[in-house]
Amino acid sequence: MSKSFIKNFIITLSLLFVVTASAFFIQANADNGEMTFHSIYVGSGDALIISSGDHYMIVDSGPPKSESMVMNYLDKLNIPKNKIDYVVATHPDGDHVGNFRKIFDKYEVGQVIYSPCTKANTTYSNFIESVKEKGCPYRNPIEGESWELGDATVTVLYDGSQGATYNECSIVLRVTCGGKSLLLTGDLPSNIEKQLMAQGYNFQADVLKVGHHGAGSSTCAAFLDAVKPQYAVISSSREPTASLPRDSILMKLARRFIKVYRTTDKDVVFNFKNGKITTPNKENKKFISIKKGTITLSNNVFYASKKANTPGVALIVNGQVVPSSQYKIKYSSNKHTGFGKVKLTGTEVKYISTCSTTFMILPAKETIKGKAGAINNIKLDWSSQSHATGYQIRYSTDKKFKKNVKYITYKTPKTTSMKLSNLSFHKKYYISVRAYKSNIGNGKWSKTLTIKTNKPPIPAKQVIKDFENEANKILIKWTKQSKKYNAGYKVQYSKDKTFKKNVTEVVMKKTTKNKLKLKKLNTNKPYYIRIKGYNRYGEGKWSKTLKFYFKEKN
């Protein structure tokens with residue numbers, strides 16, 4: 001190995017180490033940082049605070065009647081040197097700009113950013129006047145601009161310039177810290193949400209401050225799917241007459257498994273630290289999606305029948321059994337062989353969405369009939385099942401099907417008859433059939449059919465019908481038998497009555513020749529003759545033995 005090769009290898013390895021270490025360092029820094037998000041309860045309105053280290057930003061300040069709530073909360077934060085880096089007014093509605101004058105009176109504000117839309121009312125006028133009196137910089141946002149807030153970065157996603165109403169002009173901010181993000185949308189309505197998404201705006205965030213306090217006119221389903229938040233915060237009133245948030249919004253959030261936190265319970269706080277998000281608040285679950293619920297059925301396997309299968313249902317969501325009154329059950333495809341379906345739909349009292357499961361329906365139990373054929377076979381017929389894949393037949397001479405079992409499979413539901421051939425003669429066979437469905441399973445075996453095969457079709461006992469004899473020869477005639485099964489005759493004659501010795505046998509392979517002439521016989525003693533038929537399945541019985549004497553020569 002050359003010195004130049006070793007040198008180049010060491011240089012390459014060193015560069016690789018530097019690149020890897022740099023990437024790790026960059027990723028570690030991206031996940032570092034701390035930020036806290038506060039959503040203060042102010043009744044009907046928004047008052048939001050983002051802090052990171054000694055840096056603070058206030059986004060909206062609630063309605064005028066919530067002044068003490070806002071100021072008391074700020075007091076508890078002990079903001080160093082009473083310095084607030086940024087103040088943002090998302091839009092000019094009074095429930096968003098109502099307490100800025102008091103904030104300006106007590107705190108030093110670095111910069112004010114406000115929506116390009118103005119409103120001619122006392123609350124908004126007080127806000128603008130207080131900004132001017134304070135003498136701090138103020139301006140409309142520039143879309144796409146960013147500024148640092150301690151470890152956090154604030155970005156203007158939408159500057160409000162495309163709107164025609166106060167809500168449509170709501171500024172949209174994304175605040176990012178440690179790789180996690182928070183989206184603030186003011187009272188942005190759904191028509192602008194859709195318009196901006198169509199223009200390619202990226203709203204993805206981990207925490208969403210739900211638009212317009214949960215009004216039905218904001219936070220459309222497509223917008224939620226684009227944001228993909230893990231958490232949602234809703235600021236709304238606790239008053240009995242409060243109409244927000246709308247159930248439709250809470251349902252949309254629940255269907256997407258977004259954890260919801262509401263200021264109606266208490267002030268909401270989210271902590272962002274080193275790439276993780278935590279909150280001391282408890283999730284508010286007015287609605288719960290059953291989409292990922294666990295369904296337990298009273299039985300998971302059934303057999304097809306004329307009746308629909310409707311197993312009992314139990315639903316568990318988040319470890320809790322859901323009352324049956326909280327969902328509706330719909331069964332489908334639950335009569336024929338295959339997979340039956342159970343679909344549960346929440347009644348929207350508390351549980352919403354749908355979830356489903358399946359159960360197996362195996363083929364119905366077969367019925368079978370049959371009879372023994374003329375030869376060594378059995379003819380079978382069984383019931384048809386159009387939803388089956390095919391059938392399996394088993395047969396054996398063992399009643400318990402423990403040994404000598406044979407199987408035949410038909411891979412089409414149209415086949416409902418067959419013939420078992422080449423069986424043993426005069427033997428009991430036990431037969432049953434079942435239907436099967438591929439990827440599902442087998443039906444039950446039918447009732448066992450017992451059939452005894454016929455005796456072999458061997459020729460009947462022959463009868464010698466006539467004979468003629470003369471000097472040392474004889475002509476014999478006998479009954480004719482069927483020519484089936486390679487039939488023929490055997491003729492034996494002997495001077496020994498017992499046919500034990502000196503036996504002559506003549507084999508005739510054609511049944512049409514049912515006579516035989518025997519010649520050159522010895523006439524000194526009487527002869528005994530007999531005949532029987534035979535075929536491939538066996539031999540018949542010998543005929544009655546005929547004893548005869550030859551005529552004497554003239």
Side-chain angles (χ1 to χ4, degrees), residues 35-40 42 45-161 163 166-167 169-175 182 184-187 209:
M35 176 183 81
T36 303
F37 167 61
H38 310 258
S39 182
I40 308 170
V42 291
D46 275 356
L48 314 173
I49 303 170
I50 295 95
S51 63
S52 179
D54 293 337
H55 300 275
Y56 288 79
M57 178 174 72
I58 296 177
V59 180
D60 295 333
S61 61
K65 64 180 181 180
S66 66
E67 174 189 310
S68 61
M69 298 175 183
V70 174
M71 300 310 293
N72 288 340
Y73 197 94
L74 287 170
D75 285 344
K76 292 178 182 178
L77 294 178
N78 295 316
I79 298 174
K81 299 180 182 180
N82 285 351
K83 182 179 179 180
I84 296 172
D85 297 73
Y86 294 91
V87 160
V88 179
T90 59
H91 64 293
D93 282 347
D95 60 336
H96 288 254
V97 299
N99 295 303
F100 279 130
R101 176 175 286 277
K102 287 292 182 182
I103 292 172
F104 293 142
D105 287 344
K106 182 172 181 179
Y107 294 92
E108 179 185 345
V109 177
Q111 187 170 166
V112 176
I113 296 173
Y114 63 100
S115 169
C117 181
T118 61
K119 192 172 188 177
N121 66 14
T122 302
T123 305
Y124 184 71
S125 297
N126 285 338
F127 160 57
I128 296 298
E129 288 174 4
S130 63
V131 173
K132 293 178 180 179
E133 290 172 3
K134 188 71 173 179
C136 61
Y138 63 94
R139 63 180 176 85
N140 297 134
I142 301 171
E143 196 163 289
E145 71 170 309
S146 296
W147 61 84
E148 301 301 316
L149 186 75
D151 295 330
T153 300
V154 183
T155 302
V156 178
L157 297 185
Y158 169 60
D159 60 11
S161 61
Y166 305 127
N167 290 343
C169 293
S170 293
I171 298 170
V172 178
L173 302 176
R174 179 191 284 124
V175 186
L182 162 70
L184 309 176
T185 64
D187 285 353
K209 198 288 298 181

Name all residues meeting the side-chain hydrogen bond (donor to acceptor under 3.5 Å, both in side chains) criterion together with [X]; count only those two or more places apart in sequence or in a different chain, and write none if there are none.
{"X": "Thr90", "result": "Asp60"}
{"X": "Gln111", "result": "Arg139"}
{"X": "Ser130", "result": "none"}

Minimum-distance pair of heavy atoms, taken over all atoms of [X] and [Y]:
{"X": "Pro63", "Y": "Asn99", "answer": "O-ND2, 2.8 Å"}
{"X": "Tyr56", "Y": "Gly53", "answer": "CE1-O, 4.2 Å"}
{"X": "Arg174", "Y": "Leu157", "answer": "NH1-CD2, 3.4 Å"}
{"X": "Thr118", "Y": "Pro92", "answer": "C-CG, 4.1 Å"}
{"X": "Ser66", "Y": "Ser61", "answer": "OG-O, 4.3 Å"}
{"X": "Ser170", "Y": "Asp187", "answer": "OG-N, 3.1 Å"}

With heavy-atom distances below 4.5 Å as the criterion, would you say the side chains of [X] and [Y] are in contact?
{"X": "Val175", "Y": "Leu149", "result": "no"}
{"X": "His55", "Y": "Glu148", "result": "no"}
{"X": "Leu48", "Y": "Met57", "result": "no"}

Taking only residues two or more places apart in sequence, or in another chain, which ones meet [X] in a salt bridge (charged side-chain N to carboxylate O under 4.0 Å, His left out)?
{"X": "Lys134", "result": "none"}
{"X": "Asp46", "result": "Lys209"}
{"X": "Lys106", "result": "Asp75"}
{"X": "Asp95", "result": "none"}

Side chain to side chain contact (heavy atoms under 4.5 Å, CB included) between Lys83 and Tyr107, intermediate numbers included | CA-CA 6 Å; Lys83 182 179 179 180; Tyr107 294 92; over 6 Å; no
Mind checking the OH-CG spacing from Tyr158 to Leu173? Nearest 0.5 Å is all I need.
->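 Atom-to-atom, Tyr158:OH and Leu173:CG are 12.5 Å apart.
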If you measure from NZ on Lys102 to CD on Glu67, what distance do you get to the nearest 0.5 Å?
->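 Interatomic distance, Lys102 NZ to Glu67 CD, rounded to 0.5 Å: 4.5 Å.
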May I have the list of side-chain donor-acceptor pairs in residues 120-129 shorter than 3.5 Å, sequence neighbours left out?
residue, atom, partner, partner atom, Å
Asn121, OD1, Tyr124, N, 2.9
Ser125, OG, Asn121, O, 2.9
Asn126, ND2, Thr122, O, 3.4

Could you walk me through whether Cys136 and Tyr138 pass side chain to side chain contact (heavy atoms under 4.5 Å, CB included), step by step?
-> CA-CA 6 Å; Cys136 61; Tyr138 63 94; 5.7 Å; no
Leu74 vs Ile58, side chain to side chain contact (heavy atoms under 4.5 Å, CB included): CA-CA, chis, key distance, verdict = CA-CA 10 Å; Leu74 287 170; Ile58 296 177; 4.1 Å; yes
Check: Ile113 main-chain N/O paired with Asn140 side-chain donor or acceptor under 3.5 Å =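 No; zero donor-acceptor contacts below 3.5 Å.
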Would you say Thr36's side chain and Ser51's backbone share a donor-acceptor pair under 3.5 angstrom?
->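 Not a single qualifying donor-acceptor pair exists.
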All side chain to side chain contact (heavy atoms under 4.5 Å, CB included) counterparts of Ser146, not counting sequence neighbours |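 Ser146 satisfies side chain to side chain contact (heavy atoms under 4.5 Å, CB included) with Thr153, Thr155 only.
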Kindly state each residue pair satisfying ring pair (Phe, Tyr, Trp, His ring centres under 6.0 Å) with at least one member in residues 61-83, sequence neighbours excluded.
->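 Output for this query lists His38-Tyr73.
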For residues 77-99, pull every pair meeting ring pair (Phe, Tyr, Trp, His ring centres under 6.0 Å), keeping only residues two or more places apart or in separate chains.
->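 Listed by first then second residue: Tyr86-Trp147, His91-His96, His96-His213.
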Among pairs that include at least one residue of residues 109-125, which meet salt bridge (charged side-chain N to carboxylate O under 4.0 Å, His left out), considering only residues two or more places apart or in two chains?
->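 Of all non-adjacent pairs touching residues 109-125, those that pass salt bridge (charged side-chain N to carboxylate O under 4.0 Å, His left out) are Asp93-Lys119.
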Determine, stepwise, if the pair Val112 / Phe104 fulfils side chain to side chain contact (heavy atoms under 4.5 Å, CB included).
-> CA-CA 10 Å; Val112 176; Phe104 293 142; 3.8 Å; yes
